[in-house]
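As the structure is a prediction and not an experimental result, all values here were calculated from the model.
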Amino acid sequence: MNDGFITLWIAVVLGILLLTGWKSYIVPGISSSKAMVIGAIVVATMPFPIQYYWGASRIYVHIAVLLLFLLSLWTLVQHAESPENACYLASAFVIAAAVWCLLKKMYGADPVFYWLDPRWDGAIIIAILSVCFTKNAASQYAFLLASAALGEWLYAALTSASPVFKAGGLAWWDSLAVAILLGAILRNVKELLIRLRHKRWGDI
């Protein structure tokens with residue numbers, strides 16, 4: 001499967017769901033206009049990378065990834081209930097980024113032993129962690145974006161033997177799309193279980 005196909009497929013599916021009344025399950029508490037503006041800016045900046053050197057390596061960081069990372073940090077701070085909670089979320093997404101990076105590094109060295117798929121295991125794990133560490137959709141998506149972006153940059157730093165590395169290529173977007181889709185599904189399952197538990201105890 002070509003890189004970028006998963007991203008396109010998931011974007012089309014989510015777009016159809018948003019237009020057919022499923023917004024409260026996908027992006028609750030986030031205005032449609034804001035989501036569309038962010039999406040348009042990301043698409044417009046995707047082709048433009050920033051180049052820098054790390055040792056002997058030349059690394060390209062796409063502007064869209066940098067913008068999403070900064071937006072994610074701002075969102076996490078805005079939705080933090082206290083400075084302690086902000087530090088908690090920051091520590092959590094750094095841990096998730098380290099997991100993303102180390103899995104890619106490990107699979108890059110020997111992709112024989114893996115969980116589900118070497119391309120998506122990191123995305124699946126940070127999706128699970130995002131449900132555990134965040135309380136609302138905005139914080140969860142910010143957690144996923146920050147973890148994926150930081151994890152990819154850490155991986156770029158650790159693979160300095162490679163002459164050229166791109167942070168934010170189509171393969172990265174595929175992994176991020178999988179993380180976002182799975183994260184949204186798990187968040188709704190979690191909320192459903194919480195409502196069922198409260199209903200059960202309320203009946204008692």
Side-chain angles (χ1 to χ4, degrees), residues 3-15 18 23 26-52 54 59-80 86 89-101 103-104 119-120 122-131 133-157 165-184 186-187:
D3 292 340
F5 179 80
I6 294 295
T7 301
L8 180 61
W9 179 75
I10 292 178
V12 170
V13 171
L14 292 180
L18 288 173
K23 176 181 177 298
I26 301 173
V27 285
I30 304 174
S31 66
S32 299
S33 58
K34 183 183 295 185
M36 290 177 63
V37 169
I38 294 173
I41 293 174
V42 168
V43 172
T45 55
M46 280 180 65
F48 305 105
I50 298 174
Q51 174 183 321
Y52 70 95
W54 182 276
I59 299 176
Y60 293 93
V61 177
H62 289 261
I63 294 177
V65 179
L66 180 60
L67 292 177
L68 286 175
F69 180 71
L70 295 176
L71 177 63
S72 301
L73 294 182
W74 181 81
T75 302
L76 288 174
V77 171
Q78 289 295 313
H79 286 81
L89 289 174
S91 301
F93 89 73
V94 169
I95 292 172
V99 171
W100 175 291
C101 168
L103 279 178
K104 290 196 67 172
R119 298 168 298 174
W120 300 341
I124 293 171
I125 290 177
I126 69 167
I128 296 172
L129 292 176
S130 72
V131 176
F133 288 121
T134 60
K135 296 181 179 180
N136 54 64
S139 296
Q140 183 194 28
Y141 291 139
F143 181 97
L144 289 171
L145 292 169
S147 301
L150 181 60
E152 195 73 1
W153 292 335
L154 290 174
Y155 178 65
F165 188 87
K166 294 183 179 180
L170 293 177
W172 180 84
W173 286 102
D174 283 348
S175 298
L176 178 63
V178 170
I180 289 174
L181 178 62
L182 180 60
L186 292 177
R187 187 189 69 251

### Query
What residues, two or more places apart in sequence or in another chain, satisfy side-chain contact (heavy atoms from CB on, under 4.5 Å) together with Leu181?
Ile10, Leu14, Ile185
### Task
Can you see which heavy atom on Ala127 is nearest to which on Ala179, and at what distance?
CB-O, 3.5 Å
### Query
Stepwise, does the side chain to side chain contact (heavy atoms under 4.5 Å, CB included) test hold for Val94 with Leu150?
CA-CA 8 Å; Val94 169; Leu150 181 60; 4.1 Å; yes
### Task
Just jot down the side-chain contact (heavy atoms from CB on, under 4.5 Å) partners of Leu170, sequence neighbours excluded, or say none.
Asp3
Could you pull out every donor-acceptor pair under 3.5 Å between side chains of residues 136-143 and any protein atom, sequence neighbours left out?
| residue | atom | partner | partner atom | Å |
| --- | --- | --- | --- | --- |
| Asn136 | OD1 | Ala138 | N | 3.4 |
| Asn136 | OD1 | Ser139 | N | 2.8 |
| Asn136 | OD1 | Ser139 | OG | 3.0 |
| Gln140 | OE1 | Arg187 | NH1 | 2.7 |
| Gln140 | NE2 | Ser130 | OG | 3.2 |
| Gln140 | NE2 | Gly183 | O | 2.8 |
| Tyr141 | OH | Ile26 | O | 2.4 |

### Query
For Thr134, what residues pass the side-chain hydrogen bond (donor to acceptor under 3.5 Å, both in side chains) criterion, not counting sequence neighbours?
none
### Summary
Trp9 meets the side-chain contact (heavy atoms from CB on, under 4.5 Å) criterion, sequence neighbours left out, with Val13
### Task
Tell me, please, which residues at least two apart from Trp173 pass side-chain hydrogen bond (donor to acceptor under 3.5 Å, both in side chains).
none
### Message
Quick check: do Leu66 and Trp153 have side-chain heavy atoms less than 4.5 Å from each other?
### Response
yes
### Message
Testing Leu68, Leu182, Ile180 one by one against Leu144 for a side chain to side chain contact (heavy atoms under 4.5 Å, CB included), which residue passes?
### Response
Ile180
### Message
Please evaluate residues Trp172 and Val65 with respect to the criterion side chain to side chain contact (heavy atoms under 4.5 Å, CB included), reporting the C-alpha separation (whole Å), side-chain torsions for both, the decisive distance (0.1 Å), and the verdict.
### Response
CA-CA 10 Å; Trp172 180 84; Val65 179; 3.7 Å; yes
### Message
If you define the side chain from C-beta out and look only at heavy atoms, does anything of Ile41 sit under 4.5 Å from Val37?
### Response
yes
### Task
Could you tell me which non-hydrogen atom of Ser147 sits nearest to which non-hydrogen atom of Ala96, and how far apart they are?
OG-CB, 3.4 Å
### Query
Do the side chains of His79 and Lys135 get nearer than 4.5 Å, heavy atoms only?
no
#### Entry: side-chain hydrogen bond (donor to acceptor under 3.5 Å, both in side chains) pairs, two or more places apart, involving residues 174-184
Thr7-Asp174
### Message
I'd like to check Trp100 versus Leu154 (side-chain heavy atoms, cut-off strictly below 4.5 Å). Are they in contact?
### Response
no
#### Entry: Validation row: Leu176, Leu145 side chains within 4.5 angstrom (heavy atoms)
yes
